[in-house]
Amino acid sequence: MNYHITLLPGDGIGPEIMAVAVNVLKVVGSQFNFNLEFQEAPIGGVAIDTTGEPLPVETLEMCRNSNAVLLAAIGGDKWDNLPRHQRPETGLLALRAGLGLFANLRPAQILPQLVDASTLKREIVDGVDIMVVRELTGGVYFGTPKGVFEMETGEKRGVNTMAYTESEIDRIGRVGFETAQKRGGKLCSVDKANVLEVSQLWRDRMTLLSSEYPDVELSHLYVDNAAMQLVRWPKQFDTIVTGNLFGDILSDAAAILTGSIGMLPSASLGASGLGVFEPVHGSAPDIAGKDQANPLAQVLSVGMMLRYGLNEVAAADAVEEAALQVLDLGYRTGDIMSEGMKLVGCKEMGEVLLKVLSSQM
Ligand code: NAD
Ligand code: IPM
Ligand code: MN
């Protein structure tokens with residue numbers, strides 16, 4: 001097999017963690033006999049600096065013409081005061097919309113090696129295994145009207161619109177139910193139906209859909225309670241399905257259950273089969289350029305790319321196994337460091353991963 005992979009390193013720690021991921025991919029490619037052709041393209045701040053736009057059309061085209069897209073992270077202070085259409089985040093949203101990636105899978109699983117790295121007590125996090133299914137191309141991120149408008153009084157008013165159509169809710173709902181079917185059979189739909197009309201429609205559609213999935217136990221939670229339950233007793237959750245904004249917030253909260261946001265991968269999928277694979281975290285400007293980033297969320301995103309994007313399941317297993325082994329060997333970046341472990345930087349973590357991968361065979 002021959003795969004065309006578009007690499008989008010982006011900003012901040014993006015290029016550092018991408019370098020590790022690419023080396024890992026090269027090794028598993030040769031071990032599992034598939035050929036990888038990489039092409040790199042700018043997105044986010046680096047694209048603004050070189051082309052004036054956060055998502056150049058050439059980048060989107062290159063992504064469309066590839067078998068899978070591996071993205072690191074975008075954003076940083078340097079671009080935070082630009083007009084909205086030139087912000088790095090706008091480029092990422094345009095990529096998701098442009099590729100029709102309406103479903104974002106964010107698995108938060110605590111690895112036994114990291115139970116003591118979490119800020120929560122061992123008995124709370126030990127055994128946590130949650131999949132957040134986040135709607136990614138609708139809701140308040142994309143609803144119209146949006147903007148900052150001047151009123152007759154001269155005062156400005158900022159507007160965003162949280163909107164979902166029935167078909168948008170149903171298609172992410174199905175991903176939620178089907179994901180739960182393959183996991184523990186429990187789906188929790190998170191909304192704010194006690195206040196928002198859009199959430200009432202969401203809840204009604206989820207309830208309607210559930211009759212098609214009798215093997216899945218559906219429950220509902222309001223998002224405020226869901227945030228509390230996630231840190232109170234996270235083991236009550238199996239699969240969570242929720243809208244764009246609630247999913248953004250809850251997946252960062254779920255991330256910390258696993259020890260660090262530097263551990264959380266994600267897969268953004270649509271109807272076409274082409275996916276973008278990206279860590280849940282951002283460009284971490286506070287540690288960028290210092291060789292302190294944890295590359296494992298990026299490496300585990302490679303795992304998700306191999307599994308969900310390319311169907312190279314054995315290679316995906318090998319990558320995930322290697323990530324576990326480096327932790328077993330005691331290597332830790334700063335964000336997951338605990339007593340008695342060996343503190344390493346991003347590069348060294350990458351080198352150890354390669355050694356482990358090569359000795360697996
Ligand atoms: P962030 O996720 O970049 O960082 C939050 C905290 O987590 C920071 O302390 C950071 O050092 C730490 N962290 C994140 N990833 C890490 C890693 N791999 N290893 C070790 N520590 C890690 O969130 P933020 O600071 O709110 O946002 C920074 C920029 O990133 C913003 O411009 C934001 O818009 C952007 N962002 C981009 C994405 C993306 O590209 N998908 C996601 C989230 C935020
Ligand atoms: C994420 C990020 C993005 C989002 C931003 C950078 C646009 O926070 O992927 O979680 O809000 O979706
Ligand atoms: Mn986020």
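Along the sequence shown, residues are numbered consecutively beginning with 1. Everything numeric here is computed off the predicted structure, so don't read it as measured data.
A donor-acceptor contact shorter than 3.5 Å links the side chain of Glu168 to the backbone of Thr165. Using a distance-only test at 3.5 Å, with no hydrogens or angles considered, no donor-acceptor pair links the side chain of Thr90 to the main chain of Gln86. Counting only distance, with no hydrogens or angles, the side chain of Lys235 and the backbone of Asp126 share a donor-acceptor pair below 3.5 Å. Counting only distance, with no hydrogens or angles, the side chain of Thr59 and the backbone of Pro42 share a donor-acceptor pair below 3.5 Å. Looking at Thr239, its side chain never comes within 3.5 Å of a backbone N or O of Met131 through a donor-acceptor pair. Glu212 places no side-chain N or O within donor-acceptor distance of the main-chain N or O of Phe177, the cut-off being under 3.5 Å. For Arg64 (side chain) and Gly98 (main-chain N/O), a donor-acceptor pair under 3.5 Å exists by modelled atom type. Under the 3.5 Å distance criterion, the side-chain polar atoms of Ser199 are matched with a main-chain donor or acceptor of Lys192.
Counting heavy atoms from C-beta on, the side chains of Leu36 and Lys26 never come closer than 4.5 Å. Taking the side chain as every heavy atom from C-beta outward, Leu257 and Phe237 never approach each other to under 4.5 Å. Annotation: side chain of Leu105 is in contact with side chain of Val133 (closest heavy-atom distance under 4.5 Å). Taking the side chain as every heavy atom from C-beta outward, Asp248 and Arg106 approach each other to under 4.5 Å. The shortest distance between side-chain heavy atoms of Ile43 and Leu55 falls below 4.5 Å. Proximity of Phe34 to Asn2: side-chain heavy atoms (C-beta onward) are nowhere separated by under 4.5 Å. Lys78 is listed as a side-chain neighbour of Asp49, based on a closest heavy-atom distance under 4.5 Å. Side-chain contact between Asp116 and Glu339 is absent, with no heavy atoms from C-beta onward closer than 4.5 Å.
Look at Glu348 and Lys342 and you find no salt bridge, because none of the NZ, NE, NH1 or NH2 atoms lies under 4.0 Å from a carboxylate O. A salt bridge links Arg307 with Asp317: the closest approach of a Lys/Arg side-chain nitrogen to an acidic carboxylate oxygen falls below 4.0 angstrom. Between Asp291 and Lys347 there is no salt bridge, since no side-chain nitrogen of the basic residue lies less than 4.0 Å from a carboxylate oxygen of the acidic one. Using a 4.0 Å cut-off between charged side-chain N and carboxylate O, Glu89 and Arg87 make a salt bridge.
Across Ala21 and Leu70, no two heavy atoms sit closer than the pair CB-CD2, 4.0 Å. Closest heavy-atom contact between Pro279 and Ser301: N-OG, 3.3 Å.
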Inset, instruction - Check step by step if side chain to side chain contact (heavy atoms under 4.5 Å, CB included) holds for Leu71 and Leu92. - result: CA-CA 10 Å; Leu71 168 73; Leu92 179 55; 3.4 Å; yes
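If you check the side chains of Gln229 and Arg232, you find a donor sitting under 3.5 Å from an acceptor. Using a 3.5 Å distance cut-off with no hydrogens or angles, the side chains of Ser260 and His281 do not pair a donor with an acceptor. When only modelled atom types and interatomic distance are considered, Asp11 and Ser283 share no side-chain donor-acceptor pair under 3.5 Å.
Ile110 and Val299 end up in the same hydrophobic cluster when Ile, Leu, Val, Met, Phe, Trp and Tyr side chains are linked at under 4.5 Å. Clustering ILVMFWY residues whenever any of their side-chain heavy atoms sit less than 4.5 angstrom apart, transitively, puts Val276 in a cluster other than the one holding Tyr141. Clustering ILVMFWY residues whenever any of their side-chain heavy atoms sit less than 4.5 angstrom apart, transitively, puts Val198 in the very cluster that holds Val223.
Within a 6.0 Å sphere centred on CD of Glu217, other residues, nucleotides and ligands contribute 12 heavy atoms or fewer.
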